[in-house]
Amino acid sequence: MHNSNHGDRYSAIISSDFTVSVHDTLFSGQTFRWEMYRSHYPYYVSVIHGSPIIIKSMDTLGLSIYSDRDELGGLPLSKWAEYYLSLDINERVIMEPVFRFLHRDIALLVQDFYGLKVLRQDPFETAVTFMCAQGIGMPIIRRQIGEICRVFGDPVSFTFEGTRHTNYAFPSPERIASAHSEDLRICTNNNCRRAVNVRKMAEAVASGELDFRKLASPDRSLDSIRDELCRNDGIGPKIADCIALFGLGRFDAFPIDTHVRQYLLEWFGLKRAAMPLTVNNYMELQREIRSVINPEIAGYAGHLLFHCWRRRVKGLNTA
DNA sequence: TGCCAGGTGTACT
DNA sequence: AGTACACATGGC
């Protein structure tokens, strides 16, 4: 820990044996709250645990993290960053030798995205985010989350390279639970039912009826987590699996969306992926892909494939 | 213009 | 158990 020159007291250097692609990580679509500031090096800024967090990407040197607190989420700043960015997972070895042998062309494509990390994000934020991600494109999803933070989140000001900035924290479950549906609807792409669903889910979290800490228990089965989450209106199997993967640190969860479905058909030849995505087909597709990808990190590998498919095959650059 | 976008709930058969 | 459709809007 030492003083930084960004108006923030604490900083931590995260050294790593391998390069972490901060840009791909924060803008791969799994998180929607990081802003990129350009200077000599790229900086990525968000507000987490009520504190501005600045990540400086240093390419081969590793990462540096700045915050005005010396600990976040009960962890020292550097430990929090290692956890949040899942630096304990080496994505270079999740594609097993058998996979690289059987799917050589895909493994080569995915190699370009080593450094992409699956974040361990806050489960409530993750739940709201993916409830706002039904059948619409990334730009609208990102806008919704930004609006929810701007309208309901606490402003946090900080100085960055001599300029004053204001970002917004993600609002608490209590704050969203007490929101008027009409105010929330303006944030949720004008979708009234989505606003009601998000508010009801926030109420369940605020009342303790929906307890993410219980769900995060490692001995819970993926099926029981999915079933519990699906009791909330607006959360189906796909969003439940997204919450498990990105919000509960369950890297074995394998959400199947429109992009995943496409590469399951095109890359792995799963005929069922061409059929309508009923609950039965959804579960059966998960079973089939787990015979191809190591089930313990199927979701982590799936996110690499997801990102690779969007960027390399679909030519999408939108976060 | 028409189709696709990180799906889900409801109302049918 | 499977199918059709509404939901809302931006991007290509």
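Below, chains carry the letters A, B, ... as their sequence lines are ordered, and counting in each starts from 1.
- Candidate nucleotides C/dT3, B/dG7, C/dA8 were compared by shortest atom distance to the side chain of A/Lys238, and B/dG7 ranks first.
- The separation between A/Phe306 atom CZ and B/dA5 atom P is 11 Å, rounded to whole Å.
- Counting any heavy atom pair closer than 4.0 Å across all strands shown, A/His303 reaches a base atom.
- Of the side-chain N and O atoms in A/Thr258, none sit less than 4.0 angstrom from OP1 or OP2 of B/dG6.
- Spacing of P atoms, C/dG10 relative to B/dT1, comes out at 15 Å, to the nearest Å.
- Less than 4.0 Å separates DNA chain C from no heavy atom of any residue of residues 223-234 of chain A.
- If you take CD1 of A/Ile136 and C1' of B/dC4, they are 12 Å apart, rounded to a whole angstrom.
- The ring-ring contact (aromatic ring centres under 6.0 Å, His included) pairs that include a residue from residues 226-249 of chain A are A/Phe130-A/Phe246, A/Phe246-A/His303, where partners are two or more places apart or lie in different chains.
- Pairs engaging residues 181-202 of chain A under the ring-ring contact (aromatic ring centres under 6.0 Å, His included) rule: none recorded [sequence neighbours left out].
- Within the 4.0 Å cut-off from OP1 or OP2 of C/dT9, at least one side-chain nitrogen or oxygen of A/Asn190 is found.
- A/Tyr300 has its ring centre less than 6.0 Å from the ring centre of A/Phe251.
- Remark: the separation of the P atoms in C/dC5 and B/dG6 is 23 Å, to the nearest Å.
- Rounding to whole angstrom units, CG of residue A/Asn191 and P of B/dG9 are separated by 12 Å.
- Rounded to whole Å, the distance from CG on A/Asn189 to C1' on C/dC7 is 10 Å.
- Aromatic pair A/Tyr10/A/Tyr66: centroids not less than 6.0 angstrom apart.
- Look at A/Gln262 and you won't find any side-chain N or O under 4.0 angstrom from OP1 or OP2 of B/dG6.
- Side-chain contact check for A/Gln144 and A/Asn191: no donor-acceptor pair (N or O, by modelled atom type) lies under 3.5 Å.
- Checking B/dT8, C/dG2, B/dG6 against the side-chain heavy atoms of A/Ile239 singles out B/dT8 as nearest.
- Ion pair A/Glu203/A/Lys200 not flagged as a salt bridge, since none of the NZ, NE, NH1 or NH2 atoms sits closer than 4.0 Å to an Asp/Glu carboxylate oxygen.
- Counting non-hydrogen atoms of neighbouring residues, nucleotides and ligands closer than 6.0 angstrom, the CD atom of A/Glu296 reaches no more than 12 such neighbours.
- Distance noted for atom P between C/dA4 and B/dC4: 15 Å (whole Å).
- Taking atom CD1 of residue A/Ile140 and atom P of nucleotide C/dC12, one finds them 12 Å apart after rounding to whole Å.
- A distance of about 24 Å separates the P atoms of B/dT8 and C/dG11, rounded to the whole Å.
- One can place CG of A/Leu184 at 13 Å from P of C/dA8, the figure rounded to the nearest angstrom.
- Among the protein residues, A/Ile235 comes within range of the sugar-phosphate backbone only, with heavy atoms under 4.0 Å from sugar or phosphate atoms but none that close to a base.
- In this structure, A/Tyr168 and A/Asp154 have side chains that are not in contact, with every pair of non-hydrogen atoms separated by 4.5 Å or more.
- Note on A/Arg310: a side-chain N or O is less than 4.0 Å away from OP1 or OP2 of B/dG6.
- Here C/dT9 presents its P atom at 15 Å from CD of A/Gln134, a figure rounded to the nearest Å.
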